[in-house]
Peer 1: 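Encoded as structure tokens, here's the structure I'll be asking about.
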Amino acid sequence: MDAAVQATSGDAAGSRESAARLGYVDDPFARHFVRRAQRRAPLINRGTHSRFSGIQRILAQFCERAPGGQVVVLGAGLDTSYFLARRRGRVPRRFFEIDFAEVTARKAAAVRRAPELQALLPADTQVAAGGAELHSDSYCLVAGDLRRFEEDLAPRLQALGLDPALPTLFVSECVLVYLEPAHSNAVLDWITRAVPNAGVVTYEQIRPDDRFGRAMVDNLRARGLELHGLHAFPTLDSAAERFRARGWHAAQALDLADYHGRLDPAERARLGAIELMDEWEEFTLLAQHYAFTFAHTADAAPFSGMGWF
Ligand code: SAM
């Protein structure tokens with residue numbers, strides 16, 4: 001079960017590499033995290049572009065507004081966000097990435113193999129936990145199980161420098177939805193209690209109950225994957241309500257179809273010139289089953305005013 005969910009990090013990395021190689025997204029680092037590059041279908045590349053740009057926009061806004069803040073990427077998989085922030089020249093005070101040890105070990109090995117990535121690691125980086133973790137004053141790759149967040153991960157993050165008093169952005173890109181609601185709620189409840197100025201950006205599946213949604217769930221189940229959170233937060237509204245119910249501010253939620261439709265026309269024209277895409281009906285259906293949410297605990301800087309549109 002855990003092995004199946006860990007393997008999704010490779011799928012996400014493969015899609016990112018395909019979209020980067022074709023020019024949909026500007027990510028020169030994605031290639032270091034794939035073993036066998038595979039070109040994805042045009043509609044997947046389109047979806048990856050929206051997913052990538054939606055998350056990176058929030059990360060870039062936060063890093064710009066809160067250079068003294070922190071980022072915590074939950075279930076970071078093989079994502080490249082830290083390296084992209086380094087390339088932009090806007091890194092927050094501390095950046096943490098969390099995933100299962102099996103995944104962080106793979107990530108740490110890929111980073112150590114690629115001189116381009118090694119060069120972007122802080123000079124004080126040390127390899128820890130038998131190769132599964134990287135520690136430094138400003139960047140840490142941490143192995144752990146999000147289902148044991150409060151008792152295991154939260155104290156270890158704090159021992160590694162996480163300061164709950166600083167503005168902190170938590171990122172969940174297709175992660176919390178894999179946890180039982182009791183476990184993902186425990187993560188959010190810890191943040192609500194411990195971090196007075198926190199923001200969360202998520203990108204996850206929604207709408208399991210229509211025909212497409214049922215097929216999506218069946219398809220994942222056939223691969224041994226269960227989206228436990230999907231049934232607890234099935235709609236766009238419920239995804240945002242989850243934060244409002246905890247007293248958080250300005251929970252914005254928008255599905256990927258809406259996000260893609262609101263992209264700058266020049267950007268859409270650029271994407272259209274990359275490859276022919278004629279599966280619009282299928283794209284819209286797919287994109288209606290993924291959504292972003294953004295919410296924050298305090299109605300103050302740096303989060304107030306952040307968002308997509
Ligand atoms: N966020 C990354 C991205 O977008 O490329 C990876 C997404 S992948 C679909 C889901 C990730 O969540 C996997 O790397 C998986 O190992 C991680 N994950 C799921 N459940 C977890 C748990 N209980 N503890 C730690 N990591 C977990």
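Whatever order the structure lists them in is the order used to number ligands and atoms, beginning at 1.
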Peer 1: Assess Arg16 for proximity to ligand 1: is some non-hydrogen atom of it under 4.0 Å away?
Peer 2: yes
Peer 1: Atom 19 (C) of ligand 1: which protein heavy atom is closest, and how many Å away?
Peer 2: Val5 CG2, 3.9 Å
Peer 1: To which protein heavy atom is atom 20 (N) of ligand 1 closest, and what is the distance rounded to 0.1 Å?
Peer 2: Phe100 CE1, 3.7 Å
Peer 1: Any nitrogen or oxygen of Leu179 lying under 3.5 Å from a nitrogen or oxygen in ligand 1? Just yes or no.
Peer 2: no
Peer 1: Nearest protein heavy-atom contact for atom 26 (N) of ligand 1: which residue, which atom, what distance?
Peer 2: Asp99 OD1, 3.4 Å
Peer 1: Under 4.0 Å, counting heavy atoms only: does Ala13 come that close to any atom of ligand 1?
Peer 2: no
Peer 1: Below 3.5 Å, N or O to N or O, backbone or side chain included: is there any such pair between Ile98 and ligand 1?
Peer 2: no
Peer 1: Return the closest protein heavy atom for atom 9 (C) of ligand 1 as residue, atom name and distance.
Peer 2: Thr8 OG1, 3.1 Å
Peer 1: Hey, are Asp255 and Arg207 close enough for a salt bridge, meaning a charged N less than 4.0 Å from a carboxylate O?
Peer 2: yes
Peer 1: Taking only heavy atoms of Val103, which atoms of ligand 1 are found under 4.0 Å from at least one of them?
Peer 2: 16 (O)
Peer 1: Flag the pair Arg21 and Glu17 as a salt bridge only when some basic side-chain nitrogen lies within less than 4.0 angstrom of an acidic carboxylate oxygen.
Peer 2: yes
Peer 1: Among all the protein's non-hydrogen atoms, which is closest to atom 6 (C) of ligand 1, and how far away is it?
Peer 2: Gly75 O, 3.4 Å
Peer 1: Measuring from non-hydrogen atoms of His183 to any atom of ligand 1, is the shortest distance under 4.0 Å?
Peer 2: no
Peer 1: When you measure from atom 25 (C) of ligand 1 to every protein heavy atom, which one gives the shortest distance, and what is it?
Peer 2: Gly144 O, 3.4 Å
Peer 1: Counting non-hydrogen protein atoms only, what is the nearest one to atom 7 (C) of ligand 1? Give residue, atom name and distance.
Peer 2: Glu173 O, 3.5 Å
Peer 1: Checking contacts here: is it the side chain or the backbone of Ser172 that comes within 4.0 Å of ligand 1, counting heavy atoms only? Could be both or neither.
Peer 2: neither
